[in-house]
Amino acid sequence: MIRLEGLHGQTVIVGSGIAGLVAALEMAPQPVVLITRAGLGQECSSAWAQGGIAAALEADDSPAQHLADTLRAGDGLCDETVASGILSEAQEAIALLESYGVRFDRTADGVFSLGREAAHSHRRILHVGGDRTGSSITSTLTRAVPQCPSITCLTDINAQRLVTTDGHITGIQLQKNDYAEVLRTAQVIIATGGCGGLYDASTNPSGNFGQGVMMAARAGAALRDMEFMQFHPTALDTPQTPMALVSEAVRGEGAILIDQTGRRFMAQVPGAELAPRDVVARAVHQIISRGGRAFLDARATIGSDFAQNFPGIHALCAISGVDPARDPIPIRPVAHYHMGGIATDKDGRSTLHGLWAIGECAATGLHGANRLASNSLLETVVMGRRAARDVAGRGMRTLPTAPKSDLLPDNDLGPVRPVVSKYLGVVRNEMGLRCAISKLLPLVETYGRGSDPALVALAIAVFANLRCESRGGHYRSDFPDPSSQSQSYLMTLTEILAHAGSARQDPLLRTA
Ligand SMILES: Cc1cc2nc3c(=O)[nH]c(=O)nc-3n(C[C@H](O)[C@H](O)[C@H](O)COP(=O)(O)OP(=O)(O)OC[C@H]3O[C@@H](n4cnc5c(N)ncnc54)[C@H](O)[C@@H]3O)c2cc1C
C-alpha cells in the first residue's frame, strides 16, 4: 500500500541523486513529492563520483575557456548556447552547494583547492574530502531534505509509467512490492540517472537501466543522441559488479598500460596513456577482444607511494589480492556515462507538456558526443535548480482523474544485458546493430519482464545504426571516420520502433 492521500496535485520528482535532491530543495516552499527507488541518496551514481565538479574559478581561467574545452570533448555535437549557459552558472552552483552545507577542499590560504583533469586546459576541479566528492555532496543534500517541510519523501518506491491525457502529464504510476497506484500530478521532473545497468560491465548502480528514459519515451517524449555512451577505459577487472574505477589520476602520475606479455600498447598513440578516454578504451578493448588481458602498471612510477597517493583504489585492489606496488592492476573498459537521453531545453523541459528531465537521464546538449570529465556533477546542480525554478514559476494545476493502474511485472535485465554488451559496446558495426535490434524488438513487443530495459537498449541500437560515422563515444568499425556533416538526432518511440521494424526486415539479417 502506498499512502498518497494529500499528495495528489503536487509536483513529483523521481530520483534522489544530486539532480533530484537539488530540484526538490530548490522548489521550496512549493510542495513536492520526491520518489526514489531505494533510500534517499542511495542506488545513485552521484554518491560514487570520485573525481570532482568542474568550475572555472582560477584567476586566469574563464567560462569561455571551460566552454572551449567542453566543445572540443563534445566533438561537434554540443549545443553551444546551452553549454555556455550551464558553464557560466558554475560559480553560482558551487555557492548553492555551499549554502546547503557542502564544504569544498581549500588550500591553507583558504581558497578553493583546484585540481586538473584530462582535457581541461586549467585547474578547475573542486573536491570534497579528496576523492569523496559525490558521497559528501549527496549526504549533505540528503541531510538538508528533512529540514525542508515542503518535501515529502516516498522511498523504496519504483516509478513505472507516466500517465498522459491529450499529450499532457496527468499522473505517474508507482509500485511498491505487489501494489501499484497512480499519483495524480500535472508536473513531473525525471532525475533517474544513467543506463549503465544495461551492460554486464558498468560503473553505475546495477538497477539503473534508464527507467526515466523508458517512461518518457513510452509517454511520447523525444529522445536525443541515445547512441553516445562514454566507456571508461580502466575499471578494475574483477567479477564484482558494478565495477570499480581506477581513476585517470593513476595514469596522470605515470602508470602505463601493458598487455599480458608486458608490451606497452599505447606507446605509439598520440597522448599515449593520457589520450582521450574513447581512444584508450578502444585500445584496451582491442587487446581483450583478441583474447589478451590489459593491465595498468604503476610499479616503476608510483611504486610504494601507491597506498598513500590512492588509498581508495589501493583498498579496492587489495580485495582482489592485487598490490599495485608489486603487481600490474588488471583493467578493462566499462560503460560509465550516458551522454544521450530525454531531449530537453535549457530549463529541462522535455517535448512533452508537464515533463522535465535533469541530470544524467537528460540530453541538454552540454555534453554532445562525449562528456568532459567532471561536467556532469555541475550539470546536475545547474539543471536541478533551473528546472525547479521553471516548474515553481508555473504554479499548480487542477487535474482530471488518472486511470486506475495495472500491476506491471518486475524488470528482468537477464535477456537484455548479453545483447547490449555484445553489440552496443566500445566498437559497433552494422551487422551487430541489426542483430541487436532483431533480438531487442521482440522483447519490447512482448511487454514481459524484459520489455522496459529492452526499450532503452533498442533506442541505443537504433540511434547507433542510423549514425553511420564514428564520433565521440560512438565508434563504428564499418565507418571509422567522422562524417563532414554531423548533427544531433531526436526521435520519439514511434519513430524508433518504425526504424527498428525496417532494420529487422532487412535481408542482410536473414543471411547473418
Ligand atoms: C563511479 C562513478 C564516478 C563518477 N565520477 C564523476 C566525477 O568525478 N565527476 C562528475 O562530474 N561525474 C562523475 N560521474 C557521473 C556522475 O556521478 C553522474 O552523472 C551524476 O551523479 C548523475 O546524477 P543524477 O542525479 O542524474 O543521477 P543518479 O545520481 O544516478 O541518481 C538517480 C536516482 O534515480 C533513482 N531511480 C532510478 N530509477 C528510478 C525509478 N524508476 N523510480 C524511482 N527512483 C529511480 C535512483 O535510485 C537514484 O536515486 C561518475 C559516475 C560514476 C558511476
Side-chain angles (χ1 to χ4, degrees), residues 12-24 33-55 115 117 125-128 131-135 137-138 141-142 153-162 172-176 188-197 202-216 230 232 235-236 242-249 312 316 334-339 341-342 348 357-362 366-367 371-381 383-384 408 411 452-453 456:
V12 171
I13 298 172
V14 188
S16 65
I18 295 175
L21 290 167
V22 167
V33 185
L34 179 59
I35 291 161
T36 193
R37 194 164 63 77
L40 215 55
Q42 291 172 5
E43 295 287 311
C44 65
S45 295
S46 294
W48 296 354
Q50 314 156 327
I53 179 164
E117 274 184 344
I125 314 302
L126 289 96
H127 301 101
V128 189
D131 63 3
R132 292 195 295 274
T133 309
S135 66
I137 297 176
T138 308
L141 296 176
T142 299
C153 294
L154 298 181
T155 54
D156 301 307
I157 288 187
N158 199 28
Q160 289 187 312
R161 292 284 185 271
L162 294 164
I172 182 162
Q173 175 164 328
L174 309 175
Q175 172 257 329
K176 182 167 190 165
V188 174
I189 302 177
I190 300 270
T192 49
C195 60
S202 158
T203 58
N204 296 187
S206 311
N208 289 355
F209 66 80
Q211 290 94 326
V213 171
M214 174 276 298
M215 286 190 286
Q230 186 175 83
H232 196 289
L236 186 62
M243 296 180 91
L245 284 184
V246 182
S247 128
E248 237 145 36
L316 289 166
V334 286
H336 182 51
Y337 183 85
H338 191 215
M339 278 75 71
I342 304 164
I358 52 175
E360 192 170 335
C361 67
L366 170 64
H367 306 296
R371 172 192 68 131
L372 181 65
S374 291
N375 268 357
S376 36
L377 286 188
L378 173 64
E379 187 186 40
T380 61
V381 181
M383 293 308 297
L408 297 168
N411 293 305
D452 287 352
V456 184

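Bear in mind the structure is a predicted one, so any value in this text is a computation, not a measurement. Order of listing sets the numbers, starting from 1, for every ligand and every atom in it.
H232 and Y337 have their aromatic ring centers separated by at least 6.0 angstrom.
Only the side chain of V14 comes within contact range of ligand 1, with a heavy atom under 4.0 Å; no backbone atom does. The part of T380 lying near ligand 1 is the side chain, judged by heavy-atom distances below 4.0 Å.
Near G359, with a cut-off below 4.0 Å to any heavy atom, the atoms of ligand 1 are 26 (O). Interface atoms of ligand 1 facing G51, defined by a heavy-atom separation under 4.0 Å, are 7 (C), 8 (O).
Of all protein heavy atoms, the one closest to atom 14 (N) of ligand 1 is R371 NH1, 3.9 Å. Here the protein heavy atom with the shortest distance to atom 9 (N) of ligand 1 is G52 O, 2.8 Å.
Taking a 4.0 Å cut-off on heavy atoms, H336 registers as neighbouring ligand 1. Taking 4.0 Å as the cut-off, L40 does not count as a neighbour of ligand 1 on heavy-atom distance. Remark: distances from the non-hydrogen atoms of G134 to ligand 1 are all 4.0 Å or more. Taking 4.0 Å as the cut-off, N158 counts as a neighbour of ligand 1 on heavy-atom distance.
Using a 4.5 Å cut-off on side-chain heavy atoms (C-beta onward), I35 and V12 make contact.
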